[in-house]
Engineer: 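This structure is in structure tokens; I'll ask about it shortly.
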Amino acid sequence: MQFQYRNAKASSAFLPGGTTQNDFAFQVVKRVRTDFELRGWLQFERWKAPLYEPGLQSDTTAALQVTWFASARK
């Protein structure tokens, strides 16, 4: 399991109004059997960039991956 947090800011001297971005991400990897793995990922982001879009904005992204490790049996 892994958890991430990020806070990024850009000054008003760089972009009019400046920017702020906060995101949280959570990732889990589980090997169910020796040849089968599940991986899940979720991210939530909040950002303000008045030059681009007024007000506080947010978005959420999720992904699920299933991996099968085929053996090279002969």
Side-chain angles (χ1 to χ4, degrees):
M1 290 197 298
Q2 183 177 24
F3 176 77
Q4 297 172 315
Y5 168 73
R6 181 174 66 128
N7 173 270
K9 291 184 176 278
S11 167
S12 294
F14 180 65
L15 289 172
T19 65
T20 301
Q21 179 183 15
N22 291 293
D23 63 61
F24 304 87
F26 181 70
Q27 179 179 354
V28 175
V29 179
K30 175 67 175 165
R31 182 67 66 105
V32 180
R33 297 187 337 211
T34 58
D35 62 344
F36 191 71
E37 181 180 272
L38 297 174
R39 183 179 299 256
W41 181 72
L42 177 69
Q43 177 178 326
F44 175 73
E45 178 180 45
R46 293 181 76 169
W47 53 276
K48 275 180 78 171
L51 179 66
Y52 176 67
E53 187 81 31
L56 184 62
Q57 307 296 317
S58 67
D59 56 77
T60 304
T61 304
L64 176 66
Q65 176 180 318
V66 178
T67 304
W68 173 55
F69 300 96
S71 63
R73 297 180 191 160
K74 292 185 181 186

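Sequential numbering from 1 along the given sequence is applied to the chain's residues. Excluded from the calculations below are hydrogen atoms, water molecules and symmetry mates; all remaining heavy atoms, backbone and side chain alike, are included.
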Engineer: Nearest 0.5 Å please: distance from the CD atom of Q27 over to the CD atom of Q4.
Structural biologist: 7.5 Å

Engineer: For residues D23 and Q43, determine if any side-chain heavy atom of one lies less than 4.5 Å from a side-chain heavy atom of the other.
Structural biologist: yes

Engineer: Rounded at 0.5 Å granularity, tell me how far CG in L15 sits from CG in L51.
Structural biologist: 6.0 Å

Engineer: Kindly give the heavy-atom pair with the smallest separation between A62 and L42, and that separation in Å.
Structural biologist: CB-CD1, 3.9 Å

Engineer: Could you give the distance from NZ (K48) to CG (L56), rounded to the nearest 0.5 Å?
Structural biologist: 7.0 Å

Engineer: Indicate the atoms forming the closest heavy-atom contact of P50 with G18, along with that distance.
Structural biologist: CD-O, 3.3 Å

Engineer: Any pair with a residue in residues 8-45 that passes ring pair (Phe, Tyr, Trp, His ring centres under 6.0 Å), sequence neighbours left out, goes on the list, sorted by first then second residue, please.
Structural biologist: Y5-F24

Engineer: Please report the C-alpha distance between Q21 and R6 in whole Å, then the side-chain angles of each, then the deciding distance to 0.1 Å, and finally whether the side chain to side chain contact (heavy atoms under 4.5 Å, CB included) criterion is met.
Structural biologist: CA-CA 8 Å; Q21 179 183 15; R6 181 174 66 128; 2.9 Å; yes

Engineer: Return yes when atom CZ of R46 has more than 12 non-hydrogen atoms of other residues, nucleotides or ligands closer than 6.0 Å, and no otherwise.
Structural biologist: no

Engineer: Going by side chain to side chain contact (heavy atoms under 4.5 Å, CB included), name the residues that satisfy it together with T67, two or more places apart in sequence or in a different chain.
Structural biologist: E37, Q65, F69

Engineer: Checking Q57 now: which residues fulfil side chain to side chain contact (heavy atoms under 4.5 Å, CB included) with it, not counting sequence neighbours?
Structural biologist: W47, E53

Engineer: Search all heavy atoms of T19 against all heavy atoms of A49 and return the closest pair with its distance.
Structural biologist: CG2-CB, 3.8 Å

Engineer: Are L38 and W68 co-members of a hydrophobic cluster defined by side-chain heavy atoms under 4.5 Å apart?
Structural biologist: no

